[in-house]
Amino acid sequence: MTETPHELSSRYDPTGIEAPLYARWLERGLFHVDAADADDPYVMVIPPPNVTAALHMGHGLNNTIQDVVIRYERMRGRDAVWVPGTDHAGIATQNVVEQQLAAEGLSRQELGREKFVERMWEWVDEYGSRIIDQLKVMGCSCDWERTRFTLDEGLSHAVREVFVRLYEKGLIYRGNYIINWCPRCLTALSNEEAEHQETAGRLYHFRYPLVPEEGAPPAKGAAGDYVIVATTRPETMLGDTAVAVHPDDERHSHLVGRQVALPLTGRTIPIVADEYVDPEFGSGFVKVTPAHDPNDFEIGNRHDLERIDVMNDDATIGDAAPEEFRGLDRFEARKAVVAALEAASLVEKIEDHTHSVGHCYRCDTVVEPRLSLQWFVKMKPLAEPALAAFHAGDLRFHPERFGSIYEHWLTNVRDWCISRQLWWGHRIPVWYCDDCDEITVSREDPDACAACGGGVTQDPDVLDTWFSSWLWPFSTLGWPEDTPDLRALYPTHTLSTAPEILFFWVARMVMAGIEFMGELPFTDVLMHGTVRDAQGRKMSKSLGNGIDPLEVVETFGADAMRYTLVSAAAVGTDMQLDHADLEGSFRVGRNFANKIWNAVRFALGGLTADDVGRDPLGPDVEPHLEVADRWILTRFTDAAASITGALDRFRLHEAAEETYQFVWGDFCDWYLELVKPRLRGDRGEASRDAAAATLAHVLDGWLRLLHPVMPFITEELYCHLPGRSHDDTLLLGPWPTGGRDGEPAFRDPDAAAALGELQELVGAVRNLRSEYGIDPGRKIDLVVASLTPALERALDEEEEGALALARLEELTRAAAIPTGVVGAHAVLRSGVELFLPLEGVVDVDRERARIGEELERLDGLLAATEKRLDNPQFTGQAPAEVVEREREKLASFVQRRTRLLEKRDAFQTSSG
RNA sequence: GGGGCCUUAGCUCAGUUGGCUAGAGCGCUACGUUGACAUCGUAGAGGUCACUGGUUCGAGUCCAGUAGGCCCCACCA
């Protein structure tokens with residue numbers, strides 16, 4: 001059904017337009033590609049949002065970027081597939097539901113594992129779909145039939161397969177190591193999940209008394225018979241099992257082998273020699289606590305030291321510690337230990353000390369490095385090919401600098417702790433025999449121990465949430481089954497995500513892709529910037545400075561939000577948006593949408609169904625094209641080529657801004673205005689038809705160029721063009737390439753030059769009017785002389801439009817400017833002269849002063865240009881066209897100078 | 001401690017391999033209802049491209065250093 005232009009309101013209101021369009025796209029299945037039809041696939045997978053989190057502006061940005069890329073490729077004719085989904089987000093989601101339970105006065109322990117997991121699924125069912133809906137509101141053109149969840153049956157199957165394969169390959173192992181323990185979440189964390197923050201703390205220096213030894217000299221560097229050790233965590237001293245010194249430390253190495261009486265515990269511990277110790281730091285003695293510090297753990301291994309874990313899971317002091325401290329929280333215990341040592345005069349000194357302390361990335365609790373039995377993935381063998389692929393140039397980062405960060409991490413990668421003491425996630429597929437030591441790791445749940453036939457119990461823990469995410473590019477396509485999807489759509493092409501999950505996710509996906517698919521999961525990685533508030537702070541819930549994308553969509557429309565986000569900064573650059581001033585932040589996009597709306601609304605008034613789709617270069621139209629038509633067609637070709645190039649290089653903001661400039665600056669400000677008289681038929685039928693065909697053609701073209709960024713308004717307007725209906729769509733292209741890909745493209749450099757001169761002429765007139773304070777409503781006369789052929793031609797054809805733009809009553813073409821009349825001269829770059837009669841309008845003194853200033857500035861430029869051209873090294877070494885440009889510049893400066901001098905004289909004459 | 005990045009108009013940002021009389025949007029100033037658009041139009045003001053030195057015929061762009069800001073990694077007690 002075609003609607004008439006009159007139904008478009010004078011303001012663009014996205015309400016009631018976006019949702020129906022989206023529904024129609026879905027109905028027609030435009031986002032779906034069948035594996036069987038995917039001859040030329042272009043695939044992206046969404047970074048699956050956490051099911052718990054409402055989408056924030058970071059999602060708004062990232063998903064806009066992805067949608068721009070995928071829509072662009074779709075319009076270019078690729079079989080574009082964007083695989084959507086959500087992540088179960090282990091700790092994060094479990095925490096949220098636990099908080100919900102706490103509000104009901106319940107705990108997960110009270111509920112029991114089975115019931116708790118049921119609760120979790122209820123949550124997922126409720127909120128998972130809400131996130132999907134939010135993506136739809138933003139216009140994301142995901143292939144929703146492929147929506148996946150990391151705990152889906154299929155993905156769980158993939159996780160299980162991967163665990164078993166890596167175990168069989170010896171890349172998964174279980175062991176006692178120091179891990180980051182969150183005493184609040186009661187689980188192990190990976191290194192990446194422990195976020196280090198600078199924290200003001202204290203460095204405590206304690207005295208450990210030496211056990212006297214017959215005939216031995218006293219310890220040096222310590223008063224009398226003490227050694228002095230330092231620590232930031234005094235409570236761990238309860239678990240000390242040695243004191244270490246560097247073997248080459250001349251001051252202390254003679255004490256190696258002696259015993260120290262560990263205060264408060266009644267234990268004696270040895271002094272050992274270890275190269276880890278830095279003799280320069282502190283006293284040169286280090287207390288060794290193998291169960292609570294990663295370095296000490298290593299030292300303990302080298303010296304076969306006992307590991308004494310003095311804490312419980314919740315970081316209260318446990319039974320291994322002296323009775324007086326048991327049950328105390330670690331921070332209370334810290335005070336108690338210091339107090340007790342002080343009472344025994346064993347505190348040497350206490351200093352302020354800032355150091356970086358790990359915090360749980362989910363609940364911000366200080367993590368406790370702690371000895372624990374966990375499962376790990378051996379990373380080195382996986383990292384090497386991932387590094388090699390990068391070095392080979394098969395994996396590209398945008399911006400490039402993220403490549404070196406990726407490289408650094410992989411080069412120094414450490415084993416990945418993958419077990420979590422949670423209930424929400426993929427259960428570790430390991431069974432322990434109830435009777436013997438046999439461990440069963442299996443694709444199928446075993447009933448009995450393979451070794452002794454006894455009963456088996458599954459490991460209670462689940463896997464790190466990223467253990468499913470790292471398989472995402474192929475698990476979503478059906479792996480480990482050999483599905484048509486997997487064969488057709490893997491590998492994917494581009495991945496767009498936040499830089500903070502480069503290690504968590506991107507690097508690990510690369511490793512998994514190579515390991516399990518034998519091929520990189522994608523070739524290009526876009527790292528988008530961080531959305532910050534007006535003070536440059538990261539947007540966060542706790543600061544309350546976040547912007548809700550849905551609120552923005554509701555107020556300004558999805559297109560306005562998308563345009564604003566894409567144009568706000570280059571990919572990879574942080575952007576600032578003021579949460580307190582949404583209007584100020586998003587008006588750019590909103591105003592642009594309104595401009596587009598009105599431009600098309602105007603065009604609709606002048607176009608018929610016959611005009612739309614008529615080729616302006618067809619044999620019956622082309623001969624009637626005028627300069628303005630040929631110019632806008634040329635400009636369009638250039639803009640399309642440039643925008644296409646920008647998108648190919650992922651320079652989305654350049655593409656967006658350039659489209660803006662073309663639509664607003666070229667099409668609206670100039671072409672529409674020039675063509676108005678012709679559309680009214682003032683210059684005859686053929687001219688009208690040529691203008692209308694060109695107008696319709698170029699309009700159609702830029703609606704397409706704009707569609708990836710602003711999908712709704714472009715589609716809506718496209719469907720409103722005469723002869724079109726909502727059965728039509730822009731979504732499937734074709735994309736105007738501006739002659740890229742070897743397609744023919746219209747270019748007329750002469751017309752471009754001619755219109756350029758016409759624009760300069762109009763601009764000069766406007767400038768003069770404004771300069772001399774001539775009422776814009778008052779039409780004036782103008783004389784032009786020394787016309788170039790280009791301008792001559794432009795004036796012949798476009799005079800009427802140009803006159804209107806310059807608000808001229810009459811334009812006189814002359815061979816030379818008139819003499820003996822007071823007026824203003826201006827000389828265009830092309831050498832064309834303007835003369836504006838100014839009988840009694842001008843303040844002479846003011847004018848003369850201004851001319852003086854201008855001359856001064858011009859003299860400076862002239863001198864610089866002359867100097868450059870006089871330099872043989874410049875003329876010899878610079879590219880020819882640069883030198884040529886410089887010559888032209890000089891010529892125009894000289895000419896301008898001459899005119900200015902004449903002008904000054906003219907004013908002097910007229911005043912005298 | 002190691003690595004990376006940033007510093008360009010009042011604000012937010014562009015400035016490809018050095019060629020720039022340094023751009024855009026917003027904001028600001030002046031004027032304006034020329035029936036697509038006041039969510040608009042026209043014109044204008046506003047910048048020693050953080051600082052210092054170097055390379056070069058030529059530096060916002062390359063190099064070194066200084067100051068300020070940010071990010072990532074890291075087990076120095």
Side-chain angles (χ1 to χ4, degrees), chain A residues 5 8 10-12 178 191 196 203 229-233 244 276-278 280-283 285-289 293-298 353 355-356 369 399 401-402 404-405 408-409 412 499-500 502-503 530 534 536 556 560 564 567-570 572-578 583-585 587-588 590-606 649 651 653-654 657 660-661 665 668-669 672-673 676 763 766-771 773 775-777 804-805 807 857-858 860-861 864-865 867-868 870-879 881-883 885-886 889 893:
Chain A
L8 299 188
S10 71
R11 284 185 181 192
Y12 174 55
I178 300 283
N191 290 316
H196 289 265
L203 187 59
V229 296
T231 181
T232 54
R233 293 189 293 155
Y276 161 75
V277 180
D278 175 3
E280 305 296 315
F281 189 93
S283 64
F285 290 103
V286 175
K287 65 190 268 306
V288 182
T289 325
D293 181 279
N295 300 304
D296 295 6
F297 177 77
E298 297 296 331
H353 182 71
H355 58 141
S356 93
R401 70 188 128 93
F402 286 102
S404 42
I405 299 176
H408 184 260
W409 186 78
N412 301 291
E500 55 261 35
L502 177 58
F503 310 135
T530 306
F556 304 99
T564 303
S567 63
T573 306
D574 292 357
M575 64 179 71
Q576 298 199 359
L577 292 174
D578 191 351
E583 159 80 19
S585 297
R587 76 151 57 85
V588 176
R590 195 245 348 239
N591 292 1
F592 187 34
N594 194 59
K595 186 72 179 180
I596 293 162
W597 184 259
N598 277 291
V600 176
R601 196 162 72 96
F602 166 74
L604 291 177
R649 288 174 297 137
R651 318 213 33 161
H653 83 281
E654 279 178 25
E657 271 168 25
Y660 182 99
Q661 294 301 340
C668 293
D669 289 349
L672 283 185
E673 296 301 335
K676 273 176 180 173
R766 286 169 172 171
N767 190 310
L768 288 172
R769 298 184 71 106
S770 157
E771 220 176 294
D775 183 353
L805 287 177
R807 301 291 294 154
R857 221 174 62 189
L858 200 57
L861 290 171
T865 314
K867 188 179 155 202
R868 200 172 298 169
D870 282 346
N871 184 341
Q873 272 158 307
F874 170 71
T875 45
Q877 289 174 34
E881 71 257 27
V882 173
V883 177
R885 212 184 310 153
E886 212 63 19
K889 238 197 268 179
F893 289 157

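Here is how names work: the chains are called A, B, and so on, in the same order as the sequence lines, proteins then strands, and each is numbered from 1.
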Is [X] reaching over with its side chain to a backbone N or O of [Y], donor-acceptor style, under 3.5 angstrom?
X	Y	value
Ser770(A)	Arg766(A)	no
Asp574(A)	Thr530(A)	yes
Arg769(A)	Arg807(A)	yes
Asn598(A)	Asn594(A)	yes

Could you check how far [atom1] of [X] sits from [atom2] of [N], rounded to whole Å?
X	N	atom1	atom2	value
His353(A)	rG1(B)	NE2	C1'	12 Å
His196(A)	rC72(B)	NE2	P	12 Å
Ile178(A)	rA77(B)	CD1	C1'	14 Å
Leu768(A)	rU42(B)	CG	C1'	13 Å
Lys889(A)	rC20(B)	NZ	C1'	7 Å
Phe592(A)	rG25(B)	CZ	P	12 Å
Ile596(A)	rC37(B)	CD1	P	16 Å
Asn767(A)	rG41(B)	CG	P	18 Å

Nearest of [options] to any side-chain atom of [X]?
X	options	answer
Asn591(A)	rA74(B), rA77(B), rU39(B)	rU39(B)
Arg766(A)	rC76(B), rU42(B), rG15(B)	rU42(B)
Phe503(A)	rC57(B), rC72(B), rA77(B)	rC72(B)
Arg885(A)	rC40(B), rG19(B), rC76(B)	rG19(B)

Touch check for [X], heavy atoms < 4.0 angstrom, all strands: base, sugar-phosphate only, or nothing?
X	result
Val588(A)	sugar-phosphate
Glu500(A)	nothing
Pro879(A)	base
Lys867(A)	nothing
Asp278(A)	base
Phe893(A)	base

Which of parallel (below 30°), tilted (30 to 60°) and perpendicular (above 60°) describes Tyr12(A) and Trp597(A)?
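Answer is tilted, since the angle falls between 30° and 60°.
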Just to be sure I follow the notation: if a pair is Watson-Crick (purine N1 to pyrimidine N3 plus N6-O4 or O6-N4) or a G-U wobble (N1-O2 and O6-N3), each under 3.5 Å, what dot-bracket string does RNA chain B give, with | for pairs to another strand?
(((((((..((((.....[...)))).(((((.......))))).....(((((..]....))))))))))))....
Going by the side-chain contact (heavy atoms from CB on, under 4.5 Å) test, name the single residue among Asn295(A), Val288(A), Val286(A) that passes it with Val277(A).
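Among Asn295(A), Val288(A), Val286(A), the one meeting side-chain contact (heavy atoms from CB on, under 4.5 Å) with Val277(A) is Val286(A).
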Per-nt protein contacts along nucleotides 27-36 of chain B (heavy atom under 4.0 Å; B base, S backbone sugar-phosphate only, - none) come out as S---S--B-B
[X] side-chain N/O to [N] phosphate OP1/OP2 under 4.0 Å:
X	N	value
Asn412(A)	rC73(B)	no
Arg590(A)	rG25(B)	no
Arg651(A)	rG15(B)	yes
Asn871(A)	rG58(B)	no

Can you find a heavy atom in the side chain of [X] that is under 4.5 Å from one in the side chain of [Y]?
X	Y	value
Ser585(A)	Asp578(A)	yes
Thr564(A)	Phe592(A)	no
Thr573(A)	His653(A)	no
Glu583(A)	Phe556(A)	yes
Leu502(A)	Trp409(A)	no
Lys867(A)	Asn871(A)	no

If I pick the [atom1] atom on [M] and the same atom on [N], what distance separates them, to the nearest angstrom?
N	M	atom1	value
rC31(B)	rA38(B)	C1'	14 Å
rU12(B)	rC20(B)	C1'	22 Å
rG18(B)	rC63(B)	P	11 Å
rA9(B)	rG25(B)	C1'	12 Å
rG65(B)	rC11(B)	C1'	31 Å
rG23(B)	rU8(B)	C1'	10 Å
rG10(B)	rG19(B)	P	25 Å
rU61(B)	rA14(B)	C1'	14 Å

Go through the steps for Arg885(A) and Val882(A) under the test side chain to side chain contact (heavy atoms under 4.5 Å, CB included), then give the verdict.
CA-CA 5 Å; Arg885(A) 212 184 310 153; Val882(A) 173; 4.3 Å; yes
Just the table, please: protein N/O against nucleotides 2-13 of chain B N/O, every pair under 3.5 Å.
{"residue": "rC13(B)", "atom": "OP1", "partner": "Asp574(A)", "partner atom": "O", "Å": "3.4"}

What is the distance from atom OG1 of Thr231(A) to atom NZ of Lys287(A), rounded to the nearest 0.5 Å?
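These two atoms lie 4.0 Å from each other.
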Separation of Glu886(A) CD from Thr875(A) OG1 (nearest 0.5 Å):
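Spacing of OG1 (Thr875(A)) from CD (Glu886(A)) equals 11.0 Å.
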Most 5' of Arg649(A) and Ala878(A) on RNA chain B, judged by nearest nucleotide:
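Result: Arg649(A).
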Taking the nucleotide of RNA chain B with the nearest heavy atom to each, does Gly763(A) or Gln873(A) sit closer to the 5' end?
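It is Gly763(A), whose closest nucleotide lies nearer the 5' terminus.
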